[in-house]
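Computed over heavy atoms, backbone and side chain alike; hydrogens, waters and symmetry mates excluded. As the structure is a computational prediction, the values presented were derived from the model and not from experiment.
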Amino acid sequence: CLKLSRSGPGATVGWQSPQWYLSLLSCWTFSFQSPLTKTKKLIGDEGMSFSNAFVASPLCCPSRASILTGKYPHNHRVLNNTLEGNCSSQAWQKSEESHTFPALLHSYAGYQTFFAGKYLNQYGHADAGGVEHVPPGWNSWIGLERNSKYYNYTLSVNGKPQKHGADYSKDYLTDVLANVSLDFLQYKSNYQPFFMMVSTPAPHSPWTAAPQYQNCFNTTKAPRDPNFNIHGKNKHWLIRQAKTPMTNSSVQFLDDAFRNRWRTLLSVDDLVEKIVKRLEVRGELDNTYVFFTSDNGYHTGQFSLPLDKRQLYEFDIKVPLMVRGPNIKPNQTSRLAVANIDLGPTILDIAGYNVSKTQMDGMSFLPIMEGRMNSSSWRTDILVEYEGEGRNVSDPACPLLGPGVSECFPDCVCEDSYNNTYACVRIVAPSANLQYCEFDDNEVFVEVYNVTADPFQLTNIAKTIDQEVLEKMNHRLMMLQSCSGQSCRTPAHCFVFGPGTKMALTPLV
């Protein structure tokens, strides 16, 4: 959760300024069905929900780097979840960490800043400074060493290790994060504005639910959408290699995982409720912007891929985003395209910081939330980038697959490969709702989807769409892949097609 409170230098307690609380999930996709009922009531129903919120990369560390820096992956250069891929590496620390939006809030806008939870997947690695390293810009730092856990983990408490065991009452991480967040609100200075970011492990694996929630949702199953457990024909070879239909054991496994993911989210729902209620009791809620989102989506059985993220489809790149705060009317939904690179610019904009002074690629969506922006003035497209990972040697359990694959399941269905490297332009415009993707492989494989007519992305229309449309989308993709700062925020003007253009498009409705 993210909370920002603003007051000027030397301000008195009585002078109210906006403040922020950001709740960041790990691997939760956009869905109209969710166990987060209290969160929806307290944030979504009281503010604005975004139905077209996307991530710049469908993987934890690159996406989190984009949130913090406001940059696309090709500019912050975090490629994957490994130290070698620049995830929390020393190179990242030297080049980007001092320029994140929380660092700017702290250094230039005078905010007291608080972080609790999962940071970047390799945070705390011995080759990256260990847990003694505290990223610049945080007054209060409670960072999880490495990746998501619920028990038996180490926290960096302002640079000092704090080990936790397996006692629910003392160690369940989601509850620990709730408690330290409440402590921060209780003991923070009332003479400084503040920014608060709480990043829970849920619903990331190992999907360990709190004891009181372990028997919930016993009959719930992963959604059986039209793309569930079907062959991904006309798609990249990695999707085509999935075995269809899935075995009964695979379906049972993913259904169990889906239930456990929902169960972990019930504790997140409690966390959000506790923090929002505490803000209300303190008389600060009306002056607080509360953001709720995720670092990437997740799939469970779509196109017969069992469990993971990393793919270019809506289920992996689309995330929930809800915001409440001053001047945001309740029960609103925006269909305009926003991305996680926009979170930093939006928060800085609210704080009164000139975003044009930064090198951020994103743009502030504050005018959307305040009803000062119409669709004709807003951006029409977003870039999505992913760099595939694969091993140089064959998996002994799956020798027929050869080298280059990774994230393989026991039945030799693999979720990633070295040439699962792609870039997409996701177009959300009044006249077109499209996705155009190119793979960096020997084929230069292309996938194109008309998302309005084909929301489950069953049919790749790359070979049937008009060549003029393909060329325009290819041109726009190349431009976005090389953009930086202001050039990334320049609206596209290429998606205006003449009346005779054969493109089989359906307007966004």
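Rounded to the nearest 0.5 Å, atoms OH (Y119) and OG (S156) are 11.5 Å apart. Interatomic distance, CZ of F30 versus CZ of F54, reported as 9.5 Å (0.5 Å rounding).
For S89, the side chain to side chain donor-acceptor pair (under 3.5 Å) test picks out N86, with sequence neighbours left out. Remark: D308 engages H299, R310, E407, E415 in a side chain to side chain contact (heavy atoms under 4.5 Å, CB included) (not counting sequence neighbours). Evaluation of the ring-ring contact (aromatic ring centres under 6.0 Å, His included) rule for F253 yields no partner, not counting sequence neighbours. Taking T459 as the reference, nothing meets the side chain to side chain donor-acceptor pair (under 3.5 Å) condition, with sequence neighbours excluded. Evaluation of the disulfide bond (SG atoms under 2.5 Å apart) rule for C61 yields C87 as partners, not counting sequence neighbours. Qualifying side chain to side chain contact (heavy atoms under 4.5 Å, CB included) partners for H99, counting only residues two or more places apart in sequence or in other chains: none. For F258, the ring-ring contact (aromatic ring centres under 6.0 Å, His included) partners are W262, not counting sequence neighbours. Listed by chain and residue number, C424 satisfy the disulfide bond (SG atoms under 2.5 Å apart) test with C437 (two or more places apart in sequence, or in another chain). Taking K40 as the reference, D45 meet the side chain to side chain contact (heavy atoms under 4.5 Å, CB included) condition, with sequence neighbours excluded.
Of the residues listed (N419, T421, N420), the one engaging S417 in a side chain to side chain donor-acceptor pair (under 3.5 Å) is N419, and it is the only one.
For residues 69-93, the salt bridge (charged side-chain N to carboxylate O under 4.0 Å, His left out) pairs, not counting sequence neighbours, are K71-E96. Evaluation of the salt bridge (charged side-chain N to carboxylate O under 4.0 Å, His left out) test over residues 421-441, restricted to residues two or more places apart or in two chains, returns E314-R426. Sorted by first then second residue, the salt bridge (charged side-chain N to carboxylate O under 4.0 Å, His left out) pairs that include residues 241-262, not counting sequence neighbours, are R224-D255, D256-R259.
Annotation for Y150 and H204: closest pair OH-O, 2.7 Å, computed over non-hydrogen atoms.
Electrostatic pairing of D342 and R379 counts as a salt bridge here, judged by a charged N lying under 4.0 Å from a carboxylate O.
Sulfur-sulfur distance for C414 and C398: not below 2.5 Å, with no disulfide indicated.
Note: F195 and W138 have tilted aromatic rings, judged against thresholds of 30 and 60 degrees for the angle between ring planes.
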